[in-house]
Number of protein chains: 2
Amino acid sequence: MQKAAIEKNNEAIAAQLAPVGRETVQDRVYSELRRALIGGLFEPSQVLTIRGLADALVTSTMPVREALGRLITEKALEALPNRSVRVPPITLDRLDDLLRARILIEGEAIALAAAHMGPRQIATIETILAEWDEMRALKHKKDVDREVTLNQSFHFEIYRSCGSAVLIPMIESLWLQSGPCIRVAIYAFSEAGEVDTAQYHRRIVEALATQDARTAREALAADISRPFTFLRDKLQFAAGKDQA
Amino acid sequence: MQKAAIEKNNEAIAAQLAPVGRETVQDRVYSELRRALIGGLFEPSQVLTIRGLADALVTSTMPVREALGRLITEKALEALPNRSVRVPPITLDRLDDLLRARILIEGEAIALAAAHMGPRQIATIETILAEWDEMRALKHKKDVDREVTLNQSFHFEIYRSCGSAVLIPMIESLWLQSGPCIRVAIYAFSEAGEVDTAQYHRRIVEALATQDARTAREALAADISRPFTFLRDKLQFAAGKDQA
DNA sequence: TCAAAGCAAGTGTGATCACAAATCAAAATC
DNA sequence: GATTTTGATTTGTGATCACACTTGCTTTGA
């Protein structure tokens, strides 16, 4: 058999086959916990145990403990002096801190993205916007999970275009940290008959389409701020009621 | 025995004793690797093995693998598809990316710190400056390790005053990522008979003392940029020579 | 009746082992 | 002599176990 022929055959096969990848159990656990955190499936202050999660995810403790360790270093979870780990609780200071950091970094990312996005990328985020409208039109009952997912897709599709391998992981870390808080806000939004989020997103798309970095940054800041200020007022009200 | 008397005795003991703490092996390994990384003890592109590090640190593989996992999530190390881990290599793009992120985030931190720092904090960083001068005056041969340490103390003493529990870990992550690069630059600086770093630091202190956030931010940007642009030129020159 | 001591279940940490994949070098093949 | 194959060694991953610490409850003692 000639080696050239074999080589050619291999290439032909390679073109057909998708790389199967070799995701470890640990990676799956990590992704799953991230998803749960960003989606707000865990409540702030909730304590997580290694064996409990291992049972829930049907694996041994090994991958879970490593995944928890990773989440702790990116401040998505918090290690108590007892050595137990919990979802960080919400405080007013932390809320302000997170918001400021998100506006700073995601603002920079979108400003960079404004210069890098082509018609191709704009079309992609417009698709997400259309999906959102569709969802809102069809079903009267709120699908918070889907809202969270679409919102995430919208934002990260933009951030991916910023071309910075350093900023994106930081933004992911910030979402991980604000996830548990935001979920509370989104629920409250839905109940309060929220102003349409799509409106804010449309302003962002318009700015990006015209490569107007400054306007995009401002529109994004407004979009991000909404749930935070909402939650902030709610907490402040609750605190005031406690005092009385 | 009256419980009041016992209580009082306990308090007396507590006042004398320092809390012993309960640092895990994993934490020590993690800190040690961080120190090595920020200090630039590992070279870019260097591959690290779990068993190798475990032997060097005289522990089992368990704490090392968890520490490595944590460092990978904060992008201080890189997981290859082979499942081996290495120190991320230097590229021009990555250098620019890191510099931009550092100016953005550390700039914000120092601007916040400018408003928060009292005479107490100013005095602390002036002490560090004095130590620097002393070191430069006394010894002619360069002590790069000490330079790195003092530089780190100076910057983080400032950042600690910014009052943001969100920004500081991000800055630490950025230092972790740029550590292996910077070391190379500092060495080169020392050989090239560098312009005195203390000069840049003094400008920062002056701005902070007068609570001039804008000037502090600019002075910091200049300080941070130096090693990066230096390294950038060096790399570009090397790349040009490769082509020829 | 109440607080302190004691006990038992649960939890995180580290060590060790088994296994699969990768790597490198020597040997076999053309 | 160059390339492929084979085999031994190394490496990361996951499971399991032993141990120490915490926690919550029961029991004991005043």
Side-chain angles (χ1 to χ4, degrees), chain A residues 1-11 17 19-33 42 45-73 76-88, chain B residues 1-11 13 19-33 42 45-73 76-88:
Chain A
M1 230 187 294
Q2 300 94 332
K3 60 182 176 182
I6 295 177
E7 189 74 12
K8 194 181 166 190
N9 188 28
N10 283 344
E11 279 178 24
L17 260 40
V20 64
R22 216 159 39 93
E23 204 183 26
T24 64
V25 178
Q26 183 193 148
D27 289 335
R28 276 200 296 279
V29 171
Y30 178 67
S31 306
E32 191 59 21
L33 291 180
F42 297 132
S45 299
Q46 181 177 351
V47 174
L48 304 177
T49 67
I50 294 181
R51 285 175 174 90
L53 290 173
D55 288 348
L57 296 166
V58 195
T59 54
S60 80
T61 62
M62 201 71 246
V64 175
R65 57 197 273 193
E66 308 206 338
L68 285 186
R70 292 167 67 178
L71 289 168
I72 290 171
T73 66
L77 295 175
E78 190 181 41
L80 272 52
N82 325 344
R83 302 217 164 149
S84 59
V85 349
R86 70 169 176 186
V87 182
Chain B
M1 232 188 290
Q2 299 95 331
K3 60 182 175 184
I6 296 175
E7 188 73 12
K8 195 180 166 190
N9 189 27
N10 283 343
E11 280 178 24
I13 294 176
V20 64
R22 215 157 42 88
E23 203 183 27
T24 64
V25 177
Q26 183 192 148
D27 290 335
R28 277 200 295 278
V29 171
Y30 177 67
S31 306
E32 191 58 22
L33 291 180
F42 297 132
S45 299
Q46 181 178 351
V47 174
L48 304 177
T49 66
I50 294 180
R51 284 175 174 90
L53 290 173
D55 288 349
L57 296 166
V58 195
T59 54
S60 80
T61 62
M62 203 72 246
V64 174
R65 58 198 273 194
E66 307 206 340
L68 285 186
R70 291 167 67 177
L71 289 168
I72 290 171
T73 67
L77 295 175
E78 191 180 40
L80 272 52
N82 325 343
R83 302 214 163 152
S84 60
V85 349
R86 70 169 176 187
V87 181

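Residue numbers start from 1 in every chain, and the chains themselves are labelled A, B, ... in the order their sequence lines are given, proteins ahead of strands.
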Is there a side-chain contact between A/Leu53 and A/Leu68 in this structure, where contact means two heavy atoms from C-beta onward sitting under 4.5 Å apart?
yes
How long is the line joining CD of A/Glu78 and C1' of C/dG12, in whole Å?
17 Å
Could you tell me the separation between the CG atom of B/Leu53 and the P atom of D/dT10, rounded to a whole number of Å?
17 Å
What is the per-nucleotide protein-contact pattern of nucleotides 11-20 of chain D, from the 5' end, where B denotes a base atom under 4.0 Å from a protein heavy atom, S denotes such proximity for sugar-phosphate atoms only, and - denotes neither?
BBBBBB----
A/Asn82 meets the side-chain contact (heavy atoms from CB on, under 4.5 Å) criterion, sequence neighbours left out, with A/Leu80, A/Ser84
Minimum heavy-atom distance B/Ala54-B/Ser60, with the two atoms named
CB-O, 3.5 Å
If I compare all heavy atoms of B/Leu77 with all of B/Pro88, which pair ends up nearest, and what's the gap?
CA-CD, 3.9 Å
State the CE-CE distance between B/Met62 and A/Met62, to the nearest 0.5 angstrom.
2.5 Å
